[in-house]
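First the structure, in the form of structure tokens, and then the observations on it.
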Amino acid sequence: MKNLRVFGRIHNARRNYSPLPVDPLLRFKTISQTQKAPRVLITGSLGQLGRGLNSVYKYMYGSECVVMSDIVRLPANATDVSDYNYLDILNQGSIEEIVVNKNIDTIVHFSALLSAVGETNVPLALQVNCRGVENILQVAAKHKLKVFIPSTIGAFGPTTPRENTPDLTVQCPTTIYGVSKVYAERLGEYFNHRFGVDFRSMRFPGIISATKPGGGTTDYAIQIFYDALQKGKHTCYLRPDTRLPMMYDTDCMASVIQLLAADSQSLKRRTYNVTGFSFTPEEIADAIRRVMPGFEIDYDICPTRQSIADSWPMSLDDSEARKDWGWNPEYGLDETVQVMFALLRREEDKPTKIVSTA
Ligand code: VAH
């Protein structure tokens with residue numbers, strides 16, 4: 001809720017120069033007014049996206065609709081966590097237990113090893129990203145649950161067209177993360193076709209959030225904000241011209257909530273591309289300089305992450321998601337930079353110094 005209040009305030013402050021709608025929470029309010037509250041289990045909920053999704057659902061439906069789970073103890077300052085439970089997604093019985101005990105009707109399955117860390121531990125990536133998905137889908141089939149499992153641009157590979165990549169194209173990824181996400185997409189579609197599981201998925205670009213991710217190739221696009229505030233400088237592990245698709249956190253939350261709320265009849269596929277905007281390290285550094293003129297960037301290329309990034313799309317075609325269930329991102333690069341600085345400054349308990357880009 002705290003985050004929601006902050007971006008509401010920032011949003012109003014930038015109303016003069018941004019084409020964004022006046023109320024950034026409108027899309028969430030509209031859905032909550034027309035759809036009844038789900039009972040959502042979020043796995044891997046202490047990762048990059050879980051706490052934000054919990055906050056949005058709580059804003060929409062009150063505190064009763066989300067059950068959070070993960071395998072680590074809560075951090076001491078975790079204010080945006082509710083009904084938190086230990087859940088090992090490799091144990092199918094434990095998933096069933098929580099689904100039955102908590103009367104869950106929807107699972108948002110965020111547990112996964114990301115692209116860079118997956119390459120350092122392939123057996124664990126296979127366990128978490130493949131066995132975990134199998135368990136979730138089997139529980140969903142048995143208990144007739146709706147299930148959202150995110151996919152990624154990492155599910156594409158070097159033989160995929162890299163510009164404006166469509167939903168249906170070559171998918172031959174070269175990372176274990178990508179291979180396991182193609183498996184999740186195909187297994188989910190199979191469970192939908194064979195057992196009627198209401199499986200839904202999206203291929204996310206890099207997500208820019210105030211919560212840090214762990215072990216992704218797009219992580220620099222978050223770290224750059226922490227470094228800008230703490231050191232005025234960032235050393236990037238990707239080349240300056242590496243273009244990747246990205247999306248701001250709130251748009252990501254909206255995409256999950258909108259896709260889960262969409263009428264099943266309107267879905268022409270079960271896995272959709274979604275995106276916000278694409279940029280290179282050089283371009284995000286320029287955008288940061290528009291707010292913080294002295295900001296500096298230099299480069300120390302990580303060969304593993306660079307070769308992963310070079311195998312991924314530079315931009316995505318998400319027209320099918322726009323057409324079928326009304327996907328419409330609200331944040332561009334400059335809006336994202338403004339919101340990120342405001343959120344991180346608030347975290348550090350420093351006064352917010354936003355320079356308007358108007
Ligand atoms: C990663 N952030 O870098 C993830 C993502 C778009 C890629 O799935 O691994």
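First listed ligand is number 1; within each ligand, the first listed atom is number 1. Because only heavy atoms are used, hydrogens play no part in the values below, and waters and symmetry mates are left out as well, while side chains stay in.
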Any N/O of D219 closer than 3.5 Å to an N/O of ligand 1? no
Looking only at protein heavy atoms, identify the closest one to atom 2 (N) of ligand 1 and say how far it is in Å. T218 OG1, 2.9 Å
Donor-acceptor side-chain pairing of E134 and Y183 below 3.5 angstrom: yes
At under 4.0 Å between heavy atoms, what of Y177 touches ligand 1? The answer is side chain
Give me the residue, atom name and distance of the protein heavy atom closest to atom 3 (O) of ligand 1. T217 N, 2.6 Å
Within ligand 1, which atoms have a heavy atom of F204 less than 4.0 Å away? 6 (C)
Looking at the rings of Y59 and F28, which for Trp means the six-membered one, are their centres under 6.0 Å apart? no
Within-shell test, G154 vs ligand 1, heavy atom, strictly < 4.0 Å: no
Are R270 and S264 linked by a side-chain donor-acceptor pair shorter than 3.5 Å? yes
Taking only heavy atoms of G206 into account, list the atoms of ligand 1 that are under 4.0 Å away from them. 6 (C)
Regarding N103 and R39, is there a side-chain donor-to-acceptor distance under 3.5 Å anywhere? no
Contacting atoms of ligand 1, where contact means under 4.0 angstrom from a heavy atom of T152: 5 (C), 6 (C), 7 (C), 8 (O)
Would you compute the distance between atom CG of D317 and atom OG1 of T165 and round it to the nearest 0.5 angstrom? 8.5 Å
Salt-bridge criterion met for D241 and R243 (N-O under 4.0 Å): no
Are D310 and Q306 close enough that a side-chain donor and a side-chain acceptor fall under 3.5 Å? yes
Are there over 12 heavy-atom neighbours, none belonging to I71, within less than 6.0 Å of that residue's CD1? no
Can you list the ligand 1 atoms lying under 4.0 Å from a non-hydrogen atom of L114? 9 (O)
For atom 6 (C) of ligand 1, what's the nearest protein heavy-atom neighbour? Residue, atom name and distance, please. I153 CG1, 3.2 Å
Which heavy atom of the protein is the closest neighbour of atom 9 (O) of ligand 1, given with residue, atom name and distance? S115 OG, 2.6 Å
Could you see which bit of P245 sits under 4.0 Å from ligand 1, with heavy atoms only: side chain, backbone, both or neither? neither
Side chain to side chain contact (heavy atoms under 4.5 Å, CB included) between I149 and V133, intermediate numbers included: CA-CA 8 Å; I149 303 178; V133 161; 4.0 Å; yes
4.0 Å heavy-atom contact, P213 with ligand 1: no
